[in-house]
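Here the structure comes first, spelled out in structure tokens, and everything after it is commentary.
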Amino acid sequence: MRSIDYESELNPEQLEAVEHELGPALVIAGAGSGKTRILVYRLARLMEKGIAPENILLLTFTRKAASTMLERARELTGRDAGGVVGGTFHAFAYSMLRRYVSRTPYRNGISVMDRADTQALINMLLKEAFPSLPKGFPRPQALASLFGRVKSFGQAPEEALKRFYPHLSGFHGEILSLLERYDSYKVSQGLADYDDLLVHWRDLLATEKEVAEQVADRFQFVMVDEYQDTNAVQADMISLMCSPHRNVMAVGDDAQSIYSFRGADFRNIVDFPRLFPGAKVITLVRNYRATQPILDCTNAIIACAKEKFSKELLAQRKGGRPPIVYFARDEEDQAGFVTARIADALGAGFRPEDIAVLFRASFHSFRLESCLQRAGIAFVKRGGMRLLEAAHVKDLLSFLRLLANPWDKLGWHRLLTLLDGVGPKTASRIADQVCAEDDPLRALAEYPSKARWAASVRELGGALDNAAGSASLPAAFDGAMAWYHPFLVDRFPLDHPRRRQELEQLAAIAGRYQDLETFLTDMALEPPENGQEEQSGAVTLSTVHSAKGLEWKIVFIISMCEGRFPPSPRGREEADMEEERRLFYVATTRVMDQLFLVVPESVSVPGGGAIPVSPSRFFEEIPPHLLTAWAGDNRSFASGKPSRRSVPPQPGQTGGGPSSGLTPGQRVRHPIFGPGVVAQVLSSKKVKVAFDCGGVKTLHLDYARLSRL
DNA sequence: TTTTAGATGCTTTTT
DNA sequence: GCATCTAAAA
């Protein structure tokens with residue numbers, strides 16, 4: 001076994017956190033300050049001190065984070081850390097609920113619903129309650145997120161409604177009764193949505209003293225990662241599980257709280273010392289990831305946050321270059337710029353894995369994706385539409401789900417409506433009839449009807465019945481594929497080969513499972529990341545949310561304009577802007593060496609066409625001298641020619657163009673660097689400007705949007 | 001009455 | 001691209 005020299009491998013603050021043994025502790029770990037390192041080393045240290053792995057609980061944001069940390073702890077100590085229970089709050093709560101299922105409202109098993117199921121169920125109940133939706137009543141999607149919000153608030157639903165949805169006050173009664181029906185339906189059908197897993201476990205801990213004691217006894221040391229993204233129910237859960245021994249260490253960064261839309265409240269982290277009086281608070285600000293010019297910028301961004309634990313990151317690395325800003329004419333130009341710079345970097349010896357492009361919302365990268373494809377640059381995309389949410393995957397999973405639970409009306413509905421001539425009405429009728437039987441699968445196979453769709457209905461029943469009898473999960477999967485394939489081709493004439501491939505990927509994943517139930521649960525709780533995730537030789541494209549906790553040498557943040565990042569402020573509150581700022585902070589703290597901020601001057605709108613947009617408001621929060629404007633050519637990668645930029649002169653601005661008429665001494669304003677004076681005219685396209693904020697910049701008039709003062 | 005096709009609208013972010 | 005809405009066809 002290797003002995004670890006903690007003093008030399010950790011800085012003093014890290015060491016303090018790692019050596020912490022008993023009692024509550026809160027570690028405020030700034031971005032890049034070695035947060036994972038602390039958790040891993042502390043895990044190792046606890047085991048070294050003789051704590052049994054079984055007595056340690058590690059709650060993380062993704063299962064992957066947990067398994068990575070366990071693996072690293074194992075490498076560090078040479079001991080098996082496999083006894084440590086680690087995973088997401090949801091997965092942990094689910095496993096506990098299963099253990100104590102007899103004490104829960106659920107009689108038999110619990111199956112986990114994913115978002116699509118949740119949506120479908122709400123839709124069904126909504127239609128039952130209101131055959132036609134009252135005017136102004138929230139739509140199914142809005143209702144689903146409302147329910148989630150209300151339940152993760154952790155208090156009486158009425159209170160949550162009053163607090164978060166005052167504008168719906170006219171419907172509160174209806175919403176509450178719908179919520180009640182939704183909850184009781186799930187219990188009666190053995191279903192649980194994400195929030196139910198947390199809420200039921202919390203309730204069990206709160207009401208059954210014996211359970212709480214047993215759990216506290218089992219998990220004597222609890223570590224919580226990403227504490228800033230916990231919601232009220234999760235905080236309750238921690239408090240209930242840890243109150244006997246108080247050996248809980250929460251690690252997080254209030255500045256990186258970006259999940260309030262699903263009930264996370266960064267005040268949890270601020271309140272931790274109050275929840276656990278006497279908690280040791282350790283703050284880590286030494287940043288090992290980036291260089292000071294980058295951190296000056298990120299510090300400036302987060303300094304504008306209204307509520308936070310104040311801290312400034314300090315670079316431990318020397319040198320470095322400030323972020324580079326590029327103004328793109330439109331999204332095509334933006335894509336071309338990023339592609340060209342990526343090609344440059346690859347040419348300069350960077351590996352594709354060193355590079356990432358980040359954006360606020362998944363669809364922002366569409367243009368870039370096709371541009372990269374044309375350029376022959378491989379990429380993987382994280383975040384956005386999950387494999388599981390694609391229609392064809394849902395179809396196939398519905399088939400499998402019916403094998404596990406033949407009374408799953410939602411599954412029936414989905415499959416039956418695929419059949420020619422069967423719409424929602426017919427599907428519901430058949431589902432109701434079949435579900436009343438002891439063996440719904442067989443009942444469908446023998447479904448008596450003379451309608452023109454009767455044969456295809458019986459065929460579906462036969463396929464299901466057949467697959468149900470198959471020996472293994474892969475065999476059942478094959479059965480599902482055999483039945484589904486004709487529908488796949490019919491429904492997706494354009495891209496069914498691609499979709500088929502995805503289904504085969506899914507089949508490969510399913511092949512690793514013994515048991516159908518486990519497979520389905522895992523799919524809901526920890527969906528596979530888009531296919532071959534850690535694929536080497538590929539640049540990463542990612543939403544900012546999915547980039548949390550990761551780092552790259554070169555990072556591009558694209559679509560840095562109003563309406564994209566932040567998204568249109570329509571009906572949004574200041575609190576949302578605070579979260580947007582934190583999100584921007586998360587994005588900028590992913591970078592190690594070079595950060596590019598790309599600002600399109602126009603973006604395309606759904607109907608086709610483009611509208612002009614202004615740079616993101618967050619630029620106003622960064623002192624201009626901390627940024628550099630891109631001064632090189634933008635070679636359009638596809639054509640190999642410099643892209644010709646003809647920016648139409650905008651009101652109050654000098655257009656690009658040779659006759660910009662700027663002369664030394666002229667006062668100008670730059671959207672980012674602010675006011676300044678022209679120091680020297682280098683060519684018809686280039687001028688040197690001395691900015692009032694200090695700093696002389698050479699600006700390319702095609703790129704810089706200078707306005708005369 | 002039910003189904004379907006065709007148009008429209010609308011897109012944060014995720015366990 | 002997807003889900004929902006609307007108007008025409010079975």
Side-chain angles (χ1 to χ4, degrees), chain A residues 59-65 87-94 112-120 123 126-127 132-133 139-142 144-145 148-149 151-152 192-198 226 229-231 233-234 257-264 358-366 369 382-386 388-392 394 416-417 419-429 451-453 491-492 494-495 499 521-527 529 542-548 559 563-570 572 576 579-580 582-584 586-587 604-608:
Chain A
L59 292 171
T60 55
F61 206 65
T62 63
R63 187 174 299 179
K64 200 175 135 222
T88 62
F89 273 93
H90 294 87
F92 171 71
Y94 179 61
V112 181
M113 307 163 72
D114 67 13
R115 208 186 55 187
D117 302 329
T118 305
Q119 200 87 257
N123 214 352
L126 193 60
K127 283 222 174 85
S132 70
L133 210 60
R139 296 161 159 268
Q141 280 189 27
S145 80
R149 194 87 193 261
K151 290 210 290 189
S152 56
D193 67 19
Y194 294 127
D195 297 301
D196 292 332
L197 297 175
L198 302 177
E226 309 279 14
D229 284 322
T230 54
N231 61 35
V233 179
Q234 289 165 322
S257 168
I258 55 175
Y259 282 94
S260 73
F261 64 88
R262 73 177 204 216
L358 308 184
F359 31 85
R360 176 68 236 276
S362 186
F363 71 95
H364 296 167
S365 71
F366 287 165
E369 286 168 42
R382 305 172 57 97
M385 170 93 111
R386 309 241 139 189
L388 245 76
E389 285 167 21
H392 55 295
K394 286 198 261 181
L416 288 167
T417 46
L419 306 176
D420 237 10
V422 180
K425 284 268 154 62
T426 319
S428 299
R429 204 176 62 239
R452 69 194 169 88
W453 38 258
R491 262 184 100 188
F492 308 103
L494 290 171
D495 59 351
R499 289 174 191 257
T521 304
D522 272 18
M523 285 301 105
L525 241 34
E526 282 286 314
E529 306 239 7
S542 175
T543 59
V544 179
H545 282 91
S546 299
K548 190 169 76 158
S559 294
R564 289 278 195 265
F565 201 165
S568 26
R570 204 172 1 139
R572 313 186 99 246
D576 296 315
E579 176 137 322
E580 292 299 322
R582 292 193 294 266
L583 204 48
F584 182 41
V586 167
S604 52
V605 285

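Proteins come first, then strands; the chains are lettered A, B, ... in the order of their sequence lines, and each starts at number 1.
Evaluation of Phe61(A) against the base of dT15(B) yields no stacking contact (centre distance < 5.5 Å, interplanar angle < 30° required).
Among the atoms of the strands shown, none is found under 4.0 Å from any heavy atom of Phe366(A). As judged by a 4.0 angstrom heavy-atom cut-off over every strand, Lys394(A) is placed among residues touching the sugar-phosphate backbone only. Here Val422(A) lies in heavy-atom contact (under 4.0 Å) with sugar-phosphate atoms only. At the heavy-atom level, Asn231(A) lies nowhere under 4.0 Å from the strands shown. Residue contacts for Asp420(A): at a heavy-atom cut-off of 4.0 Å it reaches the sugar-phosphate backbone alone, with no base atom in range. Using a 4.0 Å heavy-atom distance criterion, Arg499(A) is classed as a sugar-phosphate-only contact. Residue Leu197(A) is classed as having no contact, given no heavy-atom separation below 4.0 Å to the nucleic acid.
Using a cut-off of 4.0 Å between Lys/Arg side-chain N and Asp/Glu carboxylate O, Lys151(A) and Asp196(A) are scored as salt-bridged. A salt bridge links Asp229(A) with Lys548(A); the closest basic N to acidic carboxylate O contact falls under 4.0 Å.
Side-chain proximity of Ser546(A) to the nucleotides dT15(B), dT11(B), dT14(B) is greatest for dT14(B). The nucleotide whose nearest atom lies closest to any side-chain atom of Thr88(A) is, among dT15(B), dT4(C), dT13(B), dT15(B). Distances were taken from every side-chain heavy atom of His545(A) (C-beta onward) to each of dT13(B), dG1(C), dT15(B); the shortest belongs to dT13(B).
Nearest-nucleotide positions on DNA chain B place Arg429(A) closer to the 5' end than the other of Ala361(A) and Arg429(A). Both Gln141(A) and Tyr194(A) lie near DNA chain B, and the one whose nearest nucleotide falls closer to the 5' end is Gln141(A).
Ring-plane geometry between Phe61(A) and Tyr259(A) is classed as tilted, the angle between the planes lying from 30 to 60 degrees on a 0 to 90 degree scale.
Counting to the nearest Å, the C1' atom of dT11(B) and the NE2 atom of His364(A) are 9 Å from each other. Summarising the geometry, the separation between CD on Glu579(A) and P on dT14(B) is reported as 12 Å, rounded to the nearest angstrom. The CG atom of Asp522(A) sits 13 Å away from the P atom of dT15(B) (whole-angstrom rounding). Rounded to whole angstrom, the span from the CE atom of Met523(A) across to the C1' atom of dT15(B) amounts to 14 Å.
Taking a pair as Watson-Crick or G-U wobble with both distances under 3.5 Å, DNA chain B forms stems of 3 or more consecutive pairs at B:1-10 with C:1-10.
With rounding to the nearest 0.5 Å, the separation of CZ in Phe92(A) from CG in Leu59(A) is 6.0 Å.
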Would you check, one step at a time, whether the test ring pair (Phe, Tyr, Trp, His ring centres under 6.0 Å) holds for Phe359(A) with Phe565(A)?
CA-CA 8 Å; Phe359(A) 31 85; Phe565(A) 201 165; over 10 Å; no
